Amino acid sequence: MLQVSVLKEQTDRVLAGLAKKHYPTGPADVAAILDLDQRRRALQTSHDAAQAEANDLARQIGALMKSGDKAGADTLKIRTTALKQHTKTATDELTQVELAIQQLLYKLPNLPHASVPEGRAAADNELVREHGAIPELYAGAQPHWELIKKYDIIDFELGIKITGAGFPVYKGQGARLQRALVNFFLDEAREAGYTEVQPPIVVNEASATATGQLPDKEGQMYHDAKDDLYLIPTAEVPVTNLYRDEIIPVEKLPIRNTAYTPCFRREAGSWGADVRGLNRLHQFDKVEIVQITQPENSYAALDGMVAHIESLLQKLGLPYRVLRLCGGDMGFTSALTYDLEVWSAAQGRWLEVSSASNFETYQANRLKCRYRADGGKTQLLHTLNGSALALPRIVAALLENNQTADGIELPEVLHSYCGFSRIG
């Protein structure tokens with residue numbers, strides 16, 4: 001959530017940033033917030049003045065009663081009663097105005113970093129670098145949705161029977177490969193300095209609001225209306241919320257956590273090769289990395305997170321590219337996002353497997369996640385997160401890129417984790 005002070009003091013920058021993100025009602029919403037804030041300040045001034053006068057009158061009434069001037073005290077009590085009603089009315093109006101400001105602030109996306117390119121869609125994203133050679137497959141190579149049937153390692157029909165589309169059942173070597181990848185990613189994160197945590201996979205409304213899933217993404221989240229709880233779309237939500245309403249000592253910064261969770265998203269459901277097989281699911285496994293750091297260190301932290309994700313892809317032997325997302329393709333809460341995509345040889349296209357983002361103070365403002373800077377003043381921290389990694393498309397690329405006529409050869413780094421070196 002953007003800060004009102006930023007809207008007041010850097011209005012031109014705010015409007016330019018909202019325009020880069022193609023947020024259509026930016027000027028009107030910012031003007032409305034500033035008008036409401038002016039009304040809030042006027043109400044607060046009136047409330048405080050009335051409260052101060054009432055306090056002063058209370059002292060005078062005490063003195064008059066002590067001196068025996070009951071008539072004078074009664075006269076002042078009439079004024080005190082009017083002042084109390086005024087402060088109550090001002091308090092009620094303040095509550096309404098502050099709620100209106102908050103609701104408008106929730107609508108505004110984060111401002112993009114200066115390095116974010118202009119653009120409206122994925123075609124406008126900036127290629128930062130590519131790594132690895134594109135594999136050449138043998139004649140007759142198949143996409144992963146055919147390979148999983150051939151080797152009987154993932155069953156979509158069973159998932160439909162049990163739950164519905166987008167909830168696959170992993171079997172035999174497929175289940176073991178899933179577990180191997182999770183353990184490999186967690187071990188690599190721990191070696192890189194991240195502390196493993198195991199958070200809940202359901203969160204309350206406050207947690208979903210604090211990281212920006214609400215009120216922006218209600219339609220993408222599974223919601224239990226009876227208990228008002230949400231299945232998480234990513235471990236970012238519970239892991240970041242570990243630090244909600246916290247003032248973190250400087251000596252504990254940066255915070256670097258990793259977590260494995262299943263993730264749940266309702267966005268799947270369209271048809272075509274882009275969403276076939278493992279390309280898009282309602283439930284999938286992912287290892288997440290999350291950092292909370294001082295503002296001056298956050299972009300170096302983001303570079304480090306991207307480098308860590310790249311190291312995973314390199315160890316898996318997957319060709320990949322890094323993209324800097326344009327303003328129109330960025331997430332609602334992000335100030336700067338890098339997407340990492342792997343090459344899917346049998347499909348002949350790039351598949352997104354990770355996003356790494358710096359949210360600057362946007363989430364921290366909602367979280368009230370702060371630290372005490374020099375001089376004792378509290379300041380908002382910066383939050384960051386990245387997928388390291390999401391499993392479905394990694395599995396798809398591993399199966400397709402490493403297939404041979406008589407089996408699928410797995411990367412050497414996974415042999416000890418899987419307990420086998422090939423599928424088939």
Side-chain angles (χ1 to χ4, degrees), residues 170 175-204 207-208 210-211 213 230-246 248-265 283-294 297-298 300-316 338 340 353-359 363-364 367 369 371 381-395 398 411 413-419:
Y170 298 85
R176 292 172 68 184
L177 176 58
Q178 287 283 110
R179 179 159 50 89
L181 284 166
V182 168
N183 288 336
F184 170 61
F185 293 152
L186 285 173
D187 286 351
E188 290 292 307
R190 188 177 67 251
E191 288 294 319
Y194 291 88
T195 300
E196 184 177 349
V197 296
Q198 190 175 66
I201 62 171
V202 292
V203 295
N204 54 33
S207 293
T211 48
Q213 277 67 39
Y230 294 83
L231 285 170
I232 61 169
T234 167
E236 166 203 345
V237 181
V239 174
T240 308
N241 270 280
L242 295 174
Y243 306 96
R244 176 154 48 93
D245 298 319
E246 295 285 335
I248 300 171
V250 173
E251 60 270 19
K252 291 189 176 181
L253 296 171
I255 289 170
R256 293 154 58 88
N257 286 332
T258 185
Y260 153 69
T261 65
C263 303
F264 303 88
R265 299 182 187 179
Q283 177 182 331
F284 60 96
D285 291 330
K286 181 157 67 79
V287 172
E288 193 80 357
I289 52 176
V290 172
Q291 289 204 41
I292 298 176
T293 187
Q294 291 156 284
N297 301 328
S298 67
L302 179 61
D303 290 342
M305 293 171 78
V306 172
H308 171 70
I309 298 164
E310 289 187 72
S311 74
L312 300 178
L313 298 175
Q314 291 168 15
K315 290 176 181 179
L316 292 174
Y338 292 102
L340 289 91
V353 294
S354 176
S355 286
S357 299
N358 188 348
F359 305 102
Q363 288 182 335
L367 290 157
C369 179
Y371 75 107
L381 288 157
H382 281 194
T383 63
L384 308 93
N385 81 281
S387 308
L389 288 156
L391 269 67
R393 294 172 186 170
I394 289 290
V395 171
L398 287 174
V413 292
L414 296 181
H415 293 179
S416 61
Y417 285 96
C418 289

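Each residue takes its place number in the sequence, starting with 1. What you see is a predicted model, and the numbers here were worked out from it, not measured in a lab.
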Tell me the closest heavy-atom pair linking [X] and [Y], and the distance in Å.
X      : Y      : value
Val239 : Ala259 : CG2-CB, 3.8 Å
Gly193 : Arg256 : O-NE, 3.5 Å
Met305 : Gly386 : CE-N, 3.6 Å
Pro238 : Pro199 : CB-CB, 3.7 Å
Arg176 : Cys418 : NH2-O, 2.9 Å
Val237 : Ser207 : CG1-O, 3.9 Å

Exceeds 12 heavy-atom contacts within 6.0 angstrom, atom CD of Gln314: yes
Would you say [X] and [Y] make side-chain contact, with heavy atoms under 4.5 Å?
X      : Y      : value
Leu398 : Leu414 : yes
Ile232 : Gln213 : no
Glu310 : Tyr338 : no
Thr240 : Phe359 : no
Glu246 : Lys252 : no
Leu181 : Leu389 : no

At what distance, to the nearest 0.5 angstrom, does [atom1] of [X] lie from [atom2] of [Y]?
X      : Y      : atom1 : atom2 : answer
Tyr260 : Leu186 : OH    : CG    : 9.5 Å
Asp285 : Ile394 : CG    : CD1   : 13.0 Å
Leu242 : Ile255 : CG    : CD1   : 9.0 Å
Lys315 : Phe185 : NZ    : CZ    : 11.5 Å
Glu188 : Asn183 : CD    : CG    : 11.5 Å
Leu312 : Ser354 : CG    : OG    : 8.5 Å

Passing option when Glu288 is tested against Asn385, Thr258, Thr261 for side-chain hydrogen bond (donor to acceptor under 3.5 Å, both in side chains): Asn385
Residue that, paired with Ser298, satisfies side-chain hydrogen bond (donor to acceptor under 3.5 Å, both in side chains) out of Asp303, Thr383, Asn358: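 Only one of Asp303, Thr383, Asn358 forms a side-chain hydrogen bond (donor to acceptor under 3.5 Å, both in side chains) with Ser298, namely Asn358.
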Contacts of type side chain to side chain contact (heavy atoms under 4.5 Å, CB included), residue [X], not counting sequence neighbours:
X      : result
Ala356 : Leu302, Val306, Ile309
Asp245 : Lys368
Cys369 : Tyr243, Ile248, Ile292, Ala364, Leu367, Leu381

Steps toward side-chain contact (heavy atoms from CB on, under 4.5 Å) verdict (Asn257, Thr195): CA-CA 5 Å; Asn257 286 332; Thr195 300; 3.6 Å; yes
Main-chain N/O of Pro233 paired to Arg265 side chain as donor or acceptor, under 3.5 Å: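 Yes, because the side chain of Arg265 sits within donor-acceptor range (under 3.5 Å) of the backbone of Pro233.
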Residue from Asn241, Val203, Thr234 passing side chain to side chain contact (heavy atoms under 4.5 Å, CB included) with Thr211: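 Option passing the side chain to side chain contact (heavy atoms under 4.5 Å, CB included) with Thr211: Asn241.
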Geometric class of the His308/Tyr194 ring pair [parallel <30°, tilted 30-60°, perpendicular >60°]: tilted
